[in-house]
Chemist: 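Take a look at the following structure, please.
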Number of protein chains: 2
Amino acid sequence: MELQKQEPRWERRKNARPQELIDAALDVFVAKGYSAARLDEVAKQAGVSKGTVYLYFTNKEELFKAVVRDSIVASIANVEELENNHRGDTPTLLRGLMREWWENICATRSSAIPKIIVSEAGNFPEILSFYHEEVIRRAERVTIKILQRGIDAGEFRPVDLKLATQLIFAPFIFICIWKYSFAQCASGAPEGEKVIDAHIDMTLRGLANGA
Amino acid sequence: MELQKQEPRWERRKNARPQELIDAALDVFVAKGYSAARLDEVAKQAGVSKGTVYLYFTNKEELFKAVVRDSIVASIANVEELENNHRGDTPTLLRGLMREWWENICATRSSAIPKIIVSEAGNFPEILSFYHEEVIRRAERVTIKILQRGIDAGEFRPVDLKLATQLIFAPFIFICIWKYSFAQCASGAPEGEKVIDAHIDMTLRGLANGA
DNA sequence: TACATTGTTGACTGGTCAGTTACTAATTGG
DNA sequence: CCAATTAGTAACTGACCAGTCAACAATGTA
């Protein structure tokens, strides 16, 4: 018989758990999508048992919403703040919005979320309306605000605000979808960074007020 | 007691069943996607019991493959035949390919299939490799053949064949995805027909050999 | 060291669904 | 008309999984 210091079988981590679970959940949602994601796997990834997940999130849907809030909604909040505090010229501000989207969503694991919404929203209407309210509408609102500001200042020519907003976002969404579907098999996948640089350039030229 | 001719409780329809089941299955796959589609519902839609589905298809995956063969693979076969028999100029042939894709896939219920592949292929690798082999590769092959033919005849300028093929297909795929995701909530959805007309026009101009 | 508090566990439940099978009845052929 | 054949049925099985809960053990307190 040998006496040894027993490692505790588990630790209490009341404060750290939610973020750990959100991180683990993002991993699993990225890999499997929404409905095929297993909460047992999220728990395992976070180093806890499934019961613990339900201690911090009432159900799978709320966990998913927390993941979205932690990544995409946070990014929108950044842009809103950028818009509020920005004092310089509007093209720079719009470039800032687009870079933010690229760097913090498209180029990260978060890019799986728009793909999940596109893929599965039809089967989960509550998630769609949540996403529509907290992501799509807010993103539209701040983008329109920036475009309006540019038009008012005479930096942008007058354009259809809604349509311009959609044209600005479409390539971002397309890249998110591509990354998680055809990217595996299509050899000639478009290089995201370059595509977005070209897109930013095109957009700013397209909006420019030909004095 | 009244004597009446008893309607038979069900009919034998050995020859008709497979097509009836494929049609019903397409409806359900369109509405739910692959993994959320229920074979009980396919059976109900076709007016039979679930057991009958398994009389004609070994499992869900084979049923899905049959649906794909019945719609998209058939459309590719059309294009291959078009290419084989065509004697006129190549731009007309390429326009024929693109119209075929629009009319028989994008503009019909079949358009749900590319969306399903994009959405769920990650979780069903066997379906992805089937689709890659029987749809993507064949579509690529016949498109490249047409482009090469145009280049050889001096009708098209020399272009990167693989890249051009991807650029030709990307808008079709995007429309298929859009129809089954944002189309519901985005008001300013692009009108497919016009987008594709513009796309065909752009492609032919882009390929034209500036004599 | 003993006790109270509470974060965590993991076996369990209830519902769902792909796939199976023992049986039933529509059809066919002698 | 009466088997023999076989398309079709529906109840069933086994696996899976979101969500629950009674017991447990890590930590705080005295």
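Reminder, nothing fancy here: chain letters follow the sequence lines and each chain counts from 1. These numbers come from a predicted model, not from an experiment.
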Chemist: Could you list where the contact with chain B starts and ends along DNA chain D, reading 5' to 3', using a 4.0 Å heavy-atom cut-off?
Modeler: D/dT5 to D/dA10
Chemist: So which of residues 43-65 of chain A are in contact with DNA chain C, with a heavy-atom cut-off of under 4.0 Å?
Modeler: A/Val48, A/Ser49, A/Gly51, A/Thr52, A/Leu55, A/Tyr56
Chemist: Looking at A/Asp197 and A/Arg99, is there a salt bridge between them, counting it only when a charged N and a carboxylate O are closer than 4.0 Å?
Modeler: yes
Chemist: What's the separation between atom CG in A/Leu94 and atom CG in A/Leu82, rounded to the nearest 0.5 Å?
Modeler: 10.5 Å
Chemist: Show your working on salt bridge (Lys or Arg N to Asp or Glu O under 4.0 Å) between B/Glu134 and B/Lys65 and close with a plain yes or no.
Modeler: CA-CA 10 Å; B/Glu134 295 207 27; B/Lys65 288 182 186 175; over 6 Å; no
Chemist: Starting at CZ of A/Phe124, measure out to CD1 of A/Ile117 and round the result to the nearest 0.5 Å.
Modeler: 10.5 Å
Chemist: Can you list, in residue-number order, the parts of residues 14-42 of chain A that come under 4.0 Å of DNA chain C, counting heavy atoms only?
Modeler: A/Lys14, A/Arg17
Chemist: Find out whether A/Ile173 and B/Ile177 are in side-chain contact, i.e. whether some heavy atom of one side chain is under 4.5 Å from a heavy atom of the other.
Modeler: no
Chemist: Does atom CD (A/Glu61) have a neighbourhood of more than 12 heavy atoms from anything else shown, all under 6.0 Å?
Modeler: yes
Chemist: I'd like to compare against my own output: the B/S/- annotation of nucleotides 23-30 of chain C with a strict under-4.0 Å heavy-atom distance to protein.
Modeler: --BBS---
Chemist: Can you tell whether the side chains of B/Lys44 and B/Asp40 come within less than 4.0 Å, N to carboxylate O?
Modeler: no
Chemist: Just list the side-chain donor-acceptor pairs under 3.5 Å for residues 48-57 of chain A, sequence neighbours left out, or say none.
Modeler:
none

Chemist: So which pairs with a foot in residues 20-39 of chain A pass side-chain hydrogen bond (donor to acceptor under 3.5 Å, both in side chains), sequence neighbours left out?
Modeler: A/Arg13-A/Glu20, A/Arg17-A/Glu20, A/Gln19-A/Asp23, A/Asp27-A/Gln45, A/Asp27-A/Arg109, A/Lys32-A/Glu41, A/Ser35-A/Glu120
Chemist: Of the non-hydrogen atoms in A/Tyr180 and A/Val30, which two are nearest, and what is the gap between them?
Modeler: CE2-CG1, 3.8 Å
Chemist: When you compare the side chain of A/Trp102 with that of A/Ile200, does any pair of heavy atoms fall below 4.5 Å?
Modeler: no
Chemist: Side-chain contact test, heavy atoms from C-beta onward, threshold under 4.5 Å: evaluate it for A/Ile113 versus A/Tyr131 and give yes or no.
Modeler: yes
